[in-house]
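See structure below.
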Amino acid sequence: GDFQLSAEVQAQMKARMEKLEGRVRRGSIFLGAVRDQDLIQKWENDCEYAVYGKLSTGQSPASEREIDFYPKTAKLAELTAKSGLVFSCTKGCKGVGDRS
(Lines give C-alpha, C1' and ligand atoms only; values in the text may rest on other atoms or scores of the structure.)
Protein backbone atom coordinates (compact mmCIF):
# COMPACT_ATOMS: atom_id res chain seq x y z
CA GLY A 1 0.00 0.00 0.00
CA ASP A 2 0.83 3.65 0.08
CA PHE A 3 3.18 5.05 2.67
CA GLN A 4 2.09 8.24 4.41
CA LEU A 5 4.64 10.96 5.15
CA SER A 6 4.04 13.60 7.75
CA ALA A 7 3.83 17.24 6.68
CA GLU A 8 7.16 17.87 8.41
CA VAL A 9 8.93 15.10 6.47
CA GLN A 10 7.32 16.26 3.20
CA ALA A 11 8.61 19.80 3.85
CA GLN A 12 12.12 18.44 4.52
CA MET A 13 12.05 16.39 1.34
CA LYS A 14 10.83 19.39 -0.68
CA ALA A 15 13.64 21.57 0.73
CA ARG A 16 16.25 18.94 -0.09
CA MET A 17 14.88 18.51 -3.61
CA GLU A 18 15.00 22.28 -4.20
CA LYS A 19 18.61 22.33 -3.02
CA LEU A 20 19.44 19.44 -5.36
CA GLU A 21 17.71 21.15 -8.30
CA GLY A 22 19.73 24.30 -7.59
CA ARG A 23 22.97 22.33 -7.73
CA VAL A 24 21.92 20.82 -11.06
CA ARG A 25 21.02 24.28 -12.47
CA ARG A 26 24.41 25.69 -11.42
CA GLY A 27 26.20 22.72 -12.96
CA SER A 28 27.64 21.53 -9.65
CA ILE A 29 26.30 18.06 -10.33
CA PHE A 30 25.00 16.11 -13.31
CA LEU A 31 22.22 13.61 -12.71
CA GLY A 32 22.46 11.86 -16.04
CA ALA A 33 24.83 9.67 -17.93
CA VAL A 34 26.87 10.38 -21.01
CA ARG A 35 26.86 7.50 -23.46
CA ASP A 36 30.16 6.37 -24.96
CA GLN A 37 28.80 6.93 -28.48
CA ASP A 38 27.98 10.57 -27.59
CA LEU A 39 31.52 11.14 -26.33
CA ILE A 40 33.03 9.60 -29.44
CA GLN A 41 30.79 11.73 -31.67
CA LYS A 42 31.87 14.87 -29.77
CA TRP A 43 35.53 13.92 -30.06
CA GLU A 44 35.19 13.20 -33.79
CA ASN A 45 33.53 16.56 -34.43
CA ASP A 46 35.42 18.88 -32.10
CA CYS A 47 38.69 17.34 -30.93
CA GLU A 48 42.01 16.39 -32.39
CA TYR A 49 42.72 14.23 -29.34
CA ALA A 50 40.93 13.33 -26.14
CA VAL A 51 42.82 11.89 -23.17
CA TYR A 52 41.15 10.49 -20.07
CA GLY A 53 41.70 8.14 -17.17
CA LYS A 54 39.76 4.89 -17.01
CA LEU A 55 38.15 3.99 -13.73
CA SER A 56 39.09 0.54 -12.55
CA THR A 57 37.40 -1.59 -9.91
CA GLY A 58 38.69 -1.17 -6.38
CA GLN A 59 41.00 1.71 -7.23
CA SER A 60 42.50 3.48 -4.23
CA PRO A 61 42.21 7.26 -3.86
CA ALA A 62 45.14 9.14 -5.45
CA SER A 63 46.26 6.10 -7.47
CA GLU A 64 47.10 6.62 -11.11
CA ARG A 65 44.36 5.61 -13.51
CA GLU A 66 44.91 3.75 -16.75
CA ILE A 67 45.26 6.38 -19.46
CA ASP A 68 43.15 6.00 -22.59
CA PHE A 69 42.74 8.32 -25.53
CA TYR A 70 40.94 9.01 -28.75
CA PRO A 71 41.54 8.32 -31.57
CA LYS A 72 42.56 4.77 -30.75
CA THR A 73 45.08 4.83 -33.60
CA ALA A 74 47.11 7.56 -31.88
CA LYS A 75 50.20 6.81 -29.85
CA LEU A 76 50.57 8.28 -26.37
CA ALA A 77 54.08 9.57 -27.17
CA GLU A 78 52.67 11.28 -30.27
CA LEU A 79 49.96 12.95 -28.21
CA THR A 80 52.36 14.37 -25.65
CA ALA A 81 55.00 15.40 -28.21
CA LYS A 82 52.52 17.15 -30.49
CA SER A 83 50.57 18.90 -27.74
CA GLY A 84 53.48 19.68 -25.43
CA LEU A 85 51.29 18.59 -22.53
CA VAL A 86 52.16 16.43 -19.60
CA PHE A 87 49.24 14.93 -17.76
CA SER A 88 48.42 12.70 -14.87
CA CYS A 89 45.05 11.20 -14.10
CA THR A 90 44.65 10.20 -10.49
CA LYS A 91 41.53 9.08 -8.73
CA GLY A 92 40.19 11.81 -6.50
CA CYS A 93 39.26 11.46 -2.87
CA LYS A 94 35.91 12.70 -1.53
CA GLY A 95 37.12 12.59 2.05
CA VAL A 96 38.51 10.36 4.72
CA GLY A 97 35.76 7.74 4.35
CA ASP A 98 35.95 7.52 0.52
CA ARG A 99 36.01 3.89 -0.50
CA SER A 100 34.85 4.38 -4.11
Does Asp36 CG have over 12 foreign heavy atoms under 6.0 Å away?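 Atom CG in Asp36 is not packed in, count stays at 12 or less.
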
Does atom CD of Gln37 have more than 12 heavy-atom neighbours, drawn from other residues, nucleotides or ligands, at distances under 6.0 Å? yes

Check side-chain contact (heavy atoms from CB on, under 4.5 Å) between Arg25 and all other residues, then give those that pass, not counting sequence neighbours.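 For Arg25 the side-chain contact (heavy atoms from CB on, under 4.5 Å) partners, ignoring immediate neighbours, are Glu21.
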
Using atom types as modelled and distance alone, determine if a side-chain donor or acceptor of Asp38 lies under 3.5 Å from a backbone N or O of Val34. no

Do the non-hydrogen side-chain atoms of Val51 and Asp68 ever get within less than 4.5 Å of each other?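 Val51 does not reach Asp68 side chain to side chain.
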
Check whether any side-chain heavy atom of Gln12 lies under 4.5 Å from a side-chain heavy atom of Glu8, and answer yes or no.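 Heavy-atom side-chain distance check passes, below 4.5 Å.
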
With a 6.0 Å cut-off on the ring centroids, do Phe69 and Trp43 count as close?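 No, they do not, as the ring centres are separated by 6.0 Å or more.
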
Which pair of heavy atoms, one from Leu5 and one from Met13, lies closest together, and at what distance? CD1-SD, 3.5 Å

Just how far is it from atom [atom1] of [X] to atom [atom2] of [Y], taken to the nearest 0.5 Å?
{"X": "Lys14", "Y": "Glu18", "atom1": "NZ", "atom2": "CD", "value": "5.0 Å"}
{"X": "Leu20", "Y": "Leu31", "atom1": "CG", "atom2": "CG", "value": "5.5 Å"}
{"X": "Cys47", "Y": "Leu39", "atom1": "SG", "atom2": "CG", "value": "9.5 Å"}

With sequence neighbours excluded, residues passing side-chain hydrogen bond (donor to acceptor under 3.5 Å, both in side chains) with Glu48: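 Lys82.
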
Taking a hydrophobic cluster as the set of Ile, Leu, Val, Met, Phe, Trp and Tyr residues connected by side-chain heavy atoms closer than 4.5 Å, whether directly or through intermediates, do Met17 and Val9 fall within one such cluster? no

Check the hydrophobic clustering (I, L, V, M, F, W, Y; side-chain heavy atoms under 4.5 Å; chains of links allowed) and say if Tyr52 and Phe30 are grouped together. yes

